[in-house]
Every structure is written in C-alpha cells, then in structure tokens.
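The sequence lines fix the lettering, A, B, ..., with proteins before strands; numbering per chain opens at 1. Model, not experiment: these values are computed from the prediction.
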2 protein chains.
Amino acid sequence: MTVTDRRLRERAQRHDLIIAAARDLAEAEGWEAVTTRRLAELVEYSQPVLYSHFDGKDAIVRAVAIGGFADLARQLRQARSAFDEPGPALRAVCGAYLTFAAERPALYQAMFMLPTDVKFASEDTPPPLKAAFGELVGALKPFGAQPELLAEVTWAALHGLAVLSRSGRIPPEHQEARIDLLVNQLIAGMS
Amino acid sequence: MTVTDRRLRERAQRHDLIIAAARDLAEAEGWEAVTTRRLAELVEYSQPVLYSHFDGKDAIVRAVAIGGFADLARQLRQARSAFDEPGPALRAVCGAYLTFAAERPALYQAMFMLPTDVKFASEDTPPPLKAAFGELVGALKPFGAQPELLAEVTWAALHGLAVLSRSGRIPPEHQEARIDLLVNQLIAGMS
DNA sequence: CTCGTAGATCTAGCGCCGCTAGAATTCATG
DNA sequence: CATGAATTCTAGCGGCGCTAGATCTACGAG
C-alpha cells in the first residue's frame with residue numbers, strides 16, 4: 001500500500017501547510033486577515049479542502065495555538081536551565097515568556113486571547129501546554145509551599161504585562177523594570 | 001428654537017439608547033452577537049441611523065467602553081474609601097476590580113480586550129480612564145517609591161487573573177486565595 | 001394656508017465572511 | 001479497460017459592516 005501511504009503523507013503535509021500558512025498570515029497581517037478564502041489561496045487549493053482537514057476556522061486557530069505551546073515550553077525550559085540559582089532562573093523564565101509574547105504576538109493571541117475550548121487544567125490538557133505551565137511551576141518551586149497557586153498568579157501577571165503593553169494600554173517603556181519589580185516581589189520573604 | 005432643542009435632546013437620547021442596547025446585548029449574548037442589524041432592530045430604527053451617530057461599529061464599542069471606565073472608577077473609589085488602613089484598602093480595590101470584571105464580562109472585554117485606539121497613558125486619555133487608574137495608584141502610594149510602576153504591574157496581574165479565569169485558562173476556584181497572595185507579595189517588604 | 005426645500009430616514013444593494021451541497025474529476029481496483 | 005469510490009471544485013446560502021440614492025417629513029417663505 002505504498003500508494004495509499006504516499007497519499008496519507010501528502011495529506012499530513014498539507015495539514016501542516018495549512019497551519020503554517022494560518023500562523024504566518026496572522027503574524028504578518030493579524031488574525032482578522034486570516035479568512036478561509038485567503039488561506040485556501042495560499043495553500044493553492046479551494047476552500048472546501050480546508051474543511052476536510054479541520055472542522056472549521058476555529059479548529060485551524062486551535063491547531064496553531066497548540067503548536068505554539070510546544071514552542072513556548074521549549075523557550076521557557078531553555079531560559080530556566082541556563083541558570084543554576086533559582087532567583088536568576090525565575091527572572092529568565094519571566095523574561096523569556098514576555099519575549100515570546102512580544103516577538104510572536106499573533107501566535108500568542110491564538111494561545112491565550114482568542115476564544116478557545118482547549119482545556120487548561122484538566123486531565124486531557126494537551127501535553128505541550130502542560131509542559132509550558134510546568135516550567136513556570138518548576139521555576140517557582142523553590143519559593144513557596146503552593147507553587148501551583150503562585151504559578152497561576154505569576155502567569156496572570158506576565159499575561160497582563162504582555163497583552164496590556166501589546167495593545168498600548170501600558171507604555172512600552174520600562175517593561176524590563178516591571179519584570180524586575182514583579183520577580184522581586186513574588187519571591188520577597190519566601191524561603 | 002425649542003423645536004430644534006427638542007430634536008437635539010431626542011437625538012442625544014437615541015445616542016445613549018444605542019450605547020445601552022449594545023452593552024446589554026453584549027452582556028446577554030456576547031460581542032459576536034452585537035451586529036449593526038440587531039442593534040438597529042433593538043432601537044427600532046434602520047441600520048443607517050447608527051452611522052449618523054457613530055463612525056461605525058468600532059466607535060459604538062468604544063463608547064460602551066468609555067462608559068465602563070466611569071463605572072469602574074466609581075467601584076474602585078468606593079472600595080478604597082471603605083478602609084482607613086492602606087493594606088485592607090489595597091485588598092479591597094483589587095477585589096473590587098475582579099468583581100467588576102467577573103460581573104460585567106462583556107463590558108470589561110470592551111474596555112480591555114477588544115482592539116482599541118483609546119489612548120491610555122497620554123494627555124488626551126479620557127478622564128474616567130484616568131480616574132480608574134488613579135484609584136489603583138492611590139491605593140499603592142503607601143507602599144513604594146514608584147507607585148505608577150507598581151500600579152502597572154498590579155493592574156497587569158489583576159487583568160491576567162480576570163481574563164484567564166474568565167476564559168477557563170485557570171480554574172475558577174481559589175480566586176480569593178490568588179488575590180490574597182498577590183496583595184501580600186505586592187506589599188511585602190514595602191514601607 | 002400652500003408649497004418648495006432641506007434634512008431625516010429608509011430601501012436596496014455591494015463586497016466580504018464562514019460554510020456546504022452537489023457536480024466534476026481523478027484514480028486504484030476488479 | 002471499465003467502474004465505483006475518493007477527492008476536489010464550482011457555485012451559492014445566509015449574514016456581516018457599510019453606503020448610495022430614493023423617499024418621506026415637516027419647517028419656513030410667500
């Protein structure tokens with residue numbers, strides 16, 4: 001069945017091609033420019049082909065988001081492992097999170113801002129998402145008895161800094177100072 | 001010119017009626033249900049009338065948002081003034097912020113999540129917005145030398161908690177514990 | 001009081017959206 | 001080579017934000 005195999009392989013490639021096209025188009029022109037018509041044109045197929053791969057536009061965005069979690073987890077792990085002491089490691093993880101959000105805003109938006117039905121804290125949470133959150137929990141473990149709760153608050157603060165500065169609601173300057181302040185206060189008086 | 005006066009008055013009433021209809025419909029069915037056609041039906045005029053009051057749908061959302069800032073500022077002021085000591089006052093302001101976000105999610109979304117060109121930290125920032133942010137700065141003033149920077153970080157954390165719990169990305173439980181943790185850490189080691 | 005006109009309002013429609021039914025085409029298999 | 005299934009396309013539905021031009025209303029001049 002090598003013929004059928006080839007077909008399946010080509011189909012999988014096209015699946016990934018659609019996701020990549022959606023991600024790149026969103027990053028270039030924003031999610032409002034990502035329409036099924038433009039996507040179909042980019043992958044050089046007609047619109048209905050998209051629906052043989054995904055249940056609809058939302059499912060495409062969801063697939064982009066899940067790919068992003070793997071990237072984010074990798075970046076956070078790399079930042080954390082570059083430091084031995086827990087303080088600098090935490091600072092590096094927070095910095096890496098905000099760098100990711102700033103450098104790939106559309107991807108970040110798909111992951112954390114657009115409506116989603118991806119489960120976050122449940123047993124069927126996608127593994128890449130668990131890994132990303134796990135990095136943050138790990139970086140906070142040395143600083144408190146409830147690292148999960150602390151991680152949720154830290155994540156919330158980082159997310160807030162990311163989206164409020166991105167949308168112009170807080171000025172773009174002093175972002176590094178905000179990270180320093182946040183990290184210092186989070187670990188103040190802890191272990 | 002009492003006749004013209006009456007016309008102007010009726011026109012202003014209709015202006016407010018459109019804003020209220022948009023806010024209520026968004027709160028009832030979400031912003032994706034707020035279309036110019038449904039809005040026109042609700043105010044019992046045809047679609048083009050909306051465009052004699054606002055430049056477009058975005059301008060209607062913006063008007064809803066600005067109304068929300070006045071409400072939020074009022075709630076925060078009330079929470080802060082109920083306590084004399086700065087610690088409990090800050091805790092109350094943070095709690096009031098998250099209560100506002102939880103009870104009026106669509107309004108909150110218009111204010112802080114939808115794309116906007118409202119200026120936040122500039123000279124032509126709408127006064128209600130300045131007032132809301134000023135309440136947070138005021139509550140934090142006793143705790144640091146840079147209350148603005150601290151207020152930005154605090155606001156970011158509150159915003160993160162509001163939207164991540166709203167979208168199901170952090171579990172709805174323990175929200176009070178998160179606020180306590182946040183407030184305690186924010187003022188840890190400060191004056 | 002009549003009537004022309006200016007302003008307010010509506011009808012109808014444009015180009016776009018997400019999505020899908022059914023036709024046309026392709027291609028592995030009997 | 002013929003056939004039936006799988007694949008892909010053409011064409012179109014209803015709804016979106018928005019607008020041009022027709023229609024209606026009502027005020028002020030004669």
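Between A/S52 and B/D58, it is A/S52 whose nearest contact on DNA chain D lies nearer the 5' terminus. Where A/P48 and A/A33 meet DNA chain C, the nucleotide closest to each residue was compared, and A/A33 sits on the side nearer the 5' end.
Judged by distance alone with a 3.5 Å cut-off, no donor-acceptor contact links the side chain of A/Q47 to the base of D/dC9.
Following rounding to the nearest Å, B/Y51 (OH) and D/dT19 (C1') show an atom-to-atom distance of 9 Å. For the pair B/L39 CG and D/dG17 C1', the interatomic distance rounds to 12 Å; values are reported in whole Å. What separates NE2 of B/H53 from C1' of C/dG7 is a distance of 14 Å, to the nearest Å. The distance from atom NZ of A/K57 to atom P of C/dC17 is 9 Å, rounded to the nearest whole Å. If you take CD of B/E32 and C1' of C/dC17, they are 15 Å apart, rounded to a whole angstrom. Rounded to whole Å, atom P of C/dG18 lies 15 Å from atom CZ of A/F54. Distance B/R11 CZ to C/dG7 C1': 11 Å, rounded to the nearest Å. For B/L50 and D/dG17, the CG to P distance is 10 Å, given to the nearest whole Å.
Contact annotation: A/S46 does not reach the phosphate of D/dT8 (side-chain N/O to OP1 or OP2, under 4.0 Å). Regarding contacts with the backbone of D/dA11, every side-chain N or O of A/R37 stays at 4.0 angstrom or more from both OP1 and OP2. Look at A/R38 and you won't find any side-chain N or O under 4.0 angstrom from OP1 or OP2 of C/dG18. In this structure, A/T36 reaches the C/dG18 phosphate: one of its side-chain N or O atoms is under 4.0 Å from OP1 or OP2.
Grouping the Ile, Leu, Val, Met, Phe, Trp and Tyr side chains by contacts below 4.5 angstrom, directly or via other members, places A/L182 with B/V137.
Using a 4.0 Å cut-off between charged nitrogen and carboxylate oxygen, A/E176 and A/R91 count as a salt-bridge pair.
Looking at B/W31, its side chain does come within 3.5 Å of a backbone N or O of B/A106 through a donor-acceptor pair. Between the side chain of A/E27 and the backbone N or O of A/L107 there is at least one donor-acceptor pair closer than 3.5 Å.
The side chain of B/R14 sits closest to C/dT9 out of D/dC18, D/dT8, C/dT9. When distances run from any side-chain atom of A/Y45 to the nucleotides D/dG17, C/dG18, D/dT8, the shortest one goes to D/dT8.
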Report the C-alpha distance between A/H159 and A/Y108 in whole Å, list the side-chain angles of each, state the deciding distance to 0.1 Å, and finish with yes or no for ring-ring contact (aromatic ring centres under 6.0 Å, His included). CA-CA 10 Å; A/H159 177 68; A/Y108 186 85; 5.7 Å; yes

